[in-house]
Amino acid sequence: MYDMKAIYEAQSVPHAIQLLQEHPQAKVIAGGSDVLVQIREGRLAGCELVSIYGLDELRGVTMETDGTLRIGSLTSFSHLTRDPLIQQYLPVLGQAADQVGSPQIRNIGTIGGNTCNGVTSADTASTLHALDAVIELTGPEEIRRLPIHDFYLKAGVVDLKPAEVQTGILIPRESYENCHGEYIKYSMRNALDIATLGCSVNVVLSEDKETYERIRIAFGVAGPVPLRATTAEEQGRGKPANEETVEAVAQWVLADINPRDSWRASKGFRVHLAQELTRRALRKATKRAGGAM
């Protein structure tokens, strides 16, 4: 049994906002793979819930007129992985989504829930950071669009104002065009486990495939929130797409990360993982982009 006071089912986004205004202590529930666990553990015992799960307008992936890819916040991980637009333009995001939990969790869990949960280990979060994603938030008076780097405030906390609902995740065209990526998750088990460390890399190579025009590197569990290794990215920009640059970039990520000791892994082990996963992901992304690796 789940200890909840009441559950209200939204019929539309404006209705969801209205319900959240009427019940300011209520929590939004979508697939429930996070919220129901918290209720069962007692952390949200006796809570009120506003369910947005029935809002099909928040599902699916579309391309806007300027080439921006719009991902509805209720898109499940399973649908994300199989979506034709994701497969064509952003396979690395599908790859990350396919690392979440188990098939059952991927069928019910949503990308919006994965980001709104605010945890640094979320599998899609590091890839969305590497892609300069923009979070769309719909509230009583306005629609806000925040860079994902600004959406994460601190561990477990995101910039959601009262009565706001996350309605979409936007990937600008310049973030994915001519871009090839790789996501690697290190965990103790191959399924049903959170990341000890996650690393997402994407690259844009020069026309002759010899030079890095752009490198993006993002980590989960390398700090209190998902983060970009901007120093390492800059050190690799304009450099030859070869093993020497890969090694240099892997060394420079140490300037950007701040992992912690925990019962899952020591800080030293996470530092080692950050460097090694950067090497592996950068090599694979470079190879996918047509580079000689």
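The shown structure was predicted, so the numbers you read here are calculated from the model rather than taken from an experiment.
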Pairing residues for Arg260 by the salt bridge (Lys or Arg N to Asp or Glu O under 4.0 Å) criterion, not counting sequence neighbours: none

Can you sort out the partners of Asp66 under salt bridge (Lys or Arg N to Asp or Glu O under 4.0 Å), two or more places apart, ordered by chain and number? none

With heavy-atom distances below 4.5 Å as the criterion, would you say the side chains of [X] and [Y] are in contact?
X: Thr211; Y: Leu205; result: no
X: Thr138; Y: Glu164; result: no
X: Lys267; Y: Pro259; result: yes
X: Thr230; Y: Glu233; result: yes
X: Leu69; Y: Leu90; result: yes

Is the number of heavy atoms from other residues, nucleotides or ligands under 6.0 Å of [X] [atom1] greater than 12?
X: Lys5; atom1: NZ; result: no
X: His180; atom1: NE2; result: yes
X: Glu177; atom1: CD; result: yes
X: Glu141; atom1: CD; result: no
X: Asn190; atom1: CG; result: no
X: Glu244; atom1: CD; result: no
X: Arg280; atom1: CZ; result: no

Quick check: is [Y] connected to [X] through a chain of hydrophobic side chains (ILVMFWY, heavy atoms under 4.5 Å apart)?
X: Leu273; Y: Val225; value: no
X: Ile171; Y: Met63; value: yes
X: Leu58; Y: Leu19; value: yes
X: Val271; Y: Tyr186; value: yes
X: Val203; Y: Leu128; value: no

Which heavy atom in [X] sits nearest to a heavy atom in [Y], and how many Å separate them?
X: Glu41; Y: Arg43; result: OE1-NH2, 2.6 Å
X: Ala30; Y: Thr110; result: CB-OG1, 4.1 Å
X: Ser78; Y: Pro103; result: OG-O, 4.4 Å

By side-chain hydrogen bond (donor to acceptor under 3.5 Å, both in side chains) - contacts of Glu207 (at least two apart):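 Glu207: no side-chain hydrogen bond (donor to acceptor under 3.5 Å, both in side chains) contacts found.
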
Is it the case that the side chains of [Y] and [X] hold a donor-acceptor pair, with the cut-off being a distance below 3.5 Å and no angle test?
X: Asn114; Y: Thr124; answer: yes
X: Ser200; Y: Thr127; answer: yes
X: Gln99; Y: Tyr183; answer: no
X: Gln275; Y: Gln251; answer: yes
X: Gln166; Y: Ser73; answer: yes

Could you give all pairs that pass the ring pair (Phe, Tyr, Trp, His ring centres under 6.0 Å) test and reach residues 82-110, with sequence neighbours left out?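 Passing the test, one end in residues 82-110: Tyr89-Tyr176.
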
Considering residues at least two apart in sequence or located in another chain, which fulfil the ring-ring contact (aromatic ring centres under 6.0 Å, His included) criterion with Tyr152? His129

Distance (rounded to the nearest 0.5 Å) between Gln38 CD and Arg40 CZ: 11.0 Å

Any chance you could measure Ser206, atom OG, to Arg214, atom CZ, to the nearest 0.5 Å?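 Here the interatomic distance stands at 13.5 Å.
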
Taking the six-membered ring of Phe269, is the NZ or CZ of Arg264 close enough (under 6.0 Å from the centre) and on axis enough (within 45°)? no

Using 4.0 Å as the upper bound for N to carboxylate O, is an ion pair formed by Arg279 and Glu247?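 Salt bridge flag = yes for Arg279 with Glu247.
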
Can you tell whether the side chains of Glu182 and Lys287 come within less than 4.0 Å, N to carboxylate O? no

Pairs where residues 110-138 contributes a residue and the test salt bridge (Lys or Arg N to Asp or Glu O under 4.0 Å) is met, not counting sequence neighbours: Arg70-Glu136, Asp123-Lys185, Asp132-Arg216, Asp132-Arg228, Glu136-Arg145

